[in-house]
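In what follows, chains carry the letters A, B, and so on, assigned in the order in which the sequence lines appear, proteins first and then strands, with residues in each chain numbered from 1.
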Protein chains: 2
Amino acid sequence: MARNNRQTSPETEFLATYDASAFEHPSVRTDVLIFSVSNSSAENWRRSDKKWFSVLLLRRDQYPEIGKWNLPGTFVNNNETAVDAAYKVLRSEPGAHGDVYLEQLYTFDAINRDPRTRVFSIAQMALVDKNKIQYSGQRDVKWFNIEYDNDTLLLHNDNLTLTEKDLAFDHAVIIKTGIERLRNKIGYTDIVFDMMPPEFTLGELQQVYEIILGHKLIPAVFRRNIAKKVVSTGKMRTGSGHRPSVLFKKK
Amino acid sequence: MARNNRQTSPETEFLATYDASAFEHPSVRTDVLIFSVSNSSAENWRRSDKKWFSVLLLRRDQYPEIGKWNLPGTFVNNNETAVDAAYKVLRSEPGAHGDVYLEQLYTFDAINRDPRTRVFSIAQMALVDKNKIQYSGQRDVKWFNIEYDNDTLLLHNDNLTLTEKDLAFDHAVIIKTGIERLRNKIGYTDIVFDMMPPEFTLGELQQVYEIILGHKLIPAVFRRNIAKKVVSTGKMRTGSGHRPSVLFKKK
DNA sequence: CCAATAGTGTCTGTGAGACAGTATAAG
DNA sequence: CTTATACTGTCTCACAGACACTATTGG
């Protein structure tokens, strides 16, 4: 039918007769690591809240790996990018609205990582301020506090503690890869602020660095370095049994 | 048939009836950035050779984008990983044998990046010592010297110079992403040595750092820093019209 | 007053940057 | 002797780490 069209090039003809279904095709998913920062209340009135680094997980109610926990994710349709698909996930499961930091993490492609069929997962990492999230309160969607030392991962939610074997597929590896990426980038980027509320004290910000890096920082050094990235709001935070602190915002 | 088998679980039954072909499936490729270092001979007998940072490209002899240049690559079969597929590419096109450094770079997934059908490309970056490669000498397989400033990419091979529009698909973006990754990692990893011959002078090593980073380094500082990563072989390189230099190897 | 965090001043050691100066081969 | 690279010594400046010291609140 296009034969008599003068604009038909050899390339257009080639494409018209190209049959993609002639090859065997795998599935492509995106799994989304949603990281945030939680507070657990302190042991005594004068102490400040303890901060935790946390990740959102869903409990599987379907085969395969029913009952285990996994990252929220979805298949990537042929008319959308992995980022498009990830934003759909973010809007549905945790109800995140507005701007959310998202970056591609790594593509996981072990041959038998999913028992159903060959599945490639373009894993992505999202950083959110938990206060901005309309937590659906759904059963089986929970934030887990991360404990990660010596390549061993523990995830805590109240009395429930998960180890790697309680996670479905290769999602423990995905989480560990994300933590490592974040640890690396926190030093030379501004991504911490994507997990912070608009106003915060330098003590709180330092705590967030500490839980992500997994070690303590020296306050004087931290303040010297962070000074170029933040600016004072002039406001103070009071009500704690000690000297009030200045509230800062991202510069 | 498995109905009477006592070991049949609900999960096994689920998997037996799961039909992956019920969904629409894309294609998954891997494209391999093969980076190396070239010499172009110096203008005068006393000067040392000028080094270039280079990438291997193939000229397309098929639709689509016939005549343009692209990275070597292949579709990823359902029984292999992207890394497996990349090693097949490395063994065929440039004839690389032995150990080759390979890392996953990024997965490119723009919806219309390939006019044939939806194609995801898990791009990978390989670093090779060009001396170890049995260059097939095939027509239309060439090393191009990289010139990359201000987000503009130029590729040179003798009298032939390519700009981004001479590259097929989104391969110009893949190359730029690879250069950036390498620039970042060269400072805190040992991957330079994967592009070096077993023995080299510190002057040569410094030149390689300089072409990758795109700027000059101060010899005294460079030597101070690299000292912990290299060890002298005791041998000297002579024959150049100036003081001979010590040959080093990776520590 | 006490406990706990906020915030500053300053000393010390390490290492980057800069530059001058010496060494040594081939033609 | 010239040219070009190899290699070393040392001064200065910036900054990380360390630590002591002061400030300020609620109870």
Side-chain angles (χ1 to χ4, degrees), chain A residues 37 39-51 183 186-188 196-197 199-211 213-249 251, chain B residues 39-51 183 186-188 196 199-211 213-249 251:
Chain A
V37 170
N39 291 315
S40 68
S41 45
E43 312 97 55
N44 95 43
W45 65 273
R46 214 196 286 269
R47 283 216 116 84
S48 46
D49 288 349
K50 181 166 187 185
K51 291 219 180 299
R183 280 189 182 169
I186 200 176
Y188 62 93
M196 299 298 292
E199 300 185 346
F200 46 83
T201 69
L202 294 188
E204 289 163 357
L205 187 59
Q206 182 179 338
Q207 278 188 64
V208 174
Y209 271 86
E210 290 174 344
I211 52 164
L213 293 173
H215 60 83
K216 291 281 171 196
L217 299 174
I218 299 161
V221 178
F222 178 76
R223 279 153 185 276
R224 240 181 350 219
N225 295 332
I226 209 73
K228 47 188 169 240
K229 295 185 176 180
V230 296
V231 58
S232 167
T233 62
K235 293 180 239 171
M236 303 295 274
R237 168 160 301 161
T238 55
S240 44
H242 54 255
R243 178 171 170 181
S245 56
V246 177
L247 285 166
F248 285 80
K249 59 183 180 185
K251 190 182 276 177
Chain B
N39 291 315
S40 70
S41 45
E43 312 96 54
N44 94 45
W45 65 272
R46 214 196 285 269
R47 283 216 117 84
S48 45
D49 289 349
K50 181 167 186 185
K51 291 220 180 298
R183 280 189 182 168
I186 200 175
Y188 63 92
M196 299 297 293
E199 300 186 346
F200 45 83
T201 69
L202 295 187
E204 288 163 356
L205 187 59
Q206 182 179 339
Q207 277 187 65
V208 174
Y209 270 86
E210 289 174 345
I211 53 164
L213 293 173
H215 61 83
K216 291 281 171 196
L217 299 174
I218 299 161
V221 178
F222 179 77
R223 280 156 184 274
R224 246 188 336 227
N225 295 332
I226 208 74
K228 48 190 168 237
K229 295 184 177 181
V230 296
V231 58
S232 167
T233 63
K235 294 180 238 172
M236 304 292 275
R237 168 160 301 161
T238 54
S240 45
H242 51 76
R243 177 172 170 180
S245 56
V246 177
L247 285 168
F248 285 80
K249 59 184 179 186
K251 189 182 274 177

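- Nucleotide C:dA18 holds its C1' atom 6 Å from the CD1 atom of B:Ile218, rounded to whole Å.
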What does the B/S/- profile of nucleotides 21-27 of chain D look like, 5' to 3', with a 4.0 Å heavy-atom cutoff to protein? --BBBBS
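- With respect to the salt-bridge test (charged N to carboxylate O, under 4.0 angstrom), the residues A:Glu199 and A:Lys249 do not qualify.
- In this structure the side chain of A:Glu204 never reaches within 4.5 angstrom of the side chain of A:Pro197, judged on heavy atoms.
- Of all non-hydrogen atoms in A:His242 and A:Arg46, the two that sit nearest each other are ND1-O, 3.7 Å.
- As rounded to whole Å, 8 Å separates atom P of C:dA6 from atom CD of A:Glu204.
- In this structure, A:Phe200 places its CZ atom 14 Å from P of C:dA6, rounding to the nearest Å.
- To the nearest 0.5 Å, atom OG of residue A:Ser245 and atom CE of residue A:Met236 are 7.0 Å apart.
- No side-chain heavy atom of B:Asn39 sits less than 4.5 Å from a side-chain heavy atom of B:Lys50.
- Rounded to an integer number of Å, the gap from A:Phe222 CZ to C:dT5 C1' is 15 Å.
- The two atoms that bring A:Met196 and A:Phe200 nearest to each other are CE-CB, 3.7 Å, heavy atoms only.
- Judged by distance alone, with hydrogens and angles left aside, B:Arg224 brings a side-chain donor or acceptor within reach of the base of C:dG17, the pair sitting under 3.5 Å.
- In this structure, A:Lys216 places its NZ atom 16 Å from P of D:dG17, rounding to the nearest Å.
- Annotation: of the two residues near DNA chain D, B:Thr201 and A:Ala220, the 5′-most nearest-nucleotide partner is B:Thr201.
- Comparing C:dA18, D:dC7, D:dA16 by their nearest atom to the side chain of A:Asn225 picks out D:dA16.
- Between the CD atom of B:Gln207 and the P atom of D:dA4 there is a distance of 15 Å, rounded to whole Å.
- Atoms NZ (B:Lys50) and P (D:dA4) sit 16 Å apart, rounded to a whole Å.
- Between the CG atom of B:Leu205 and the P atom of D:dC7 there is a distance of 12 Å, rounded to whole Å.
- Using a 4.0 Å heavy-atom cutoff across all strands shown, A:Arg47 reaches sugar-phosphate atoms only and no base atom.
- The two residues B:Arg237 and B:Leu247 make their nearest non-hydrogen contact at NH2-CD2, 3.6 Å.
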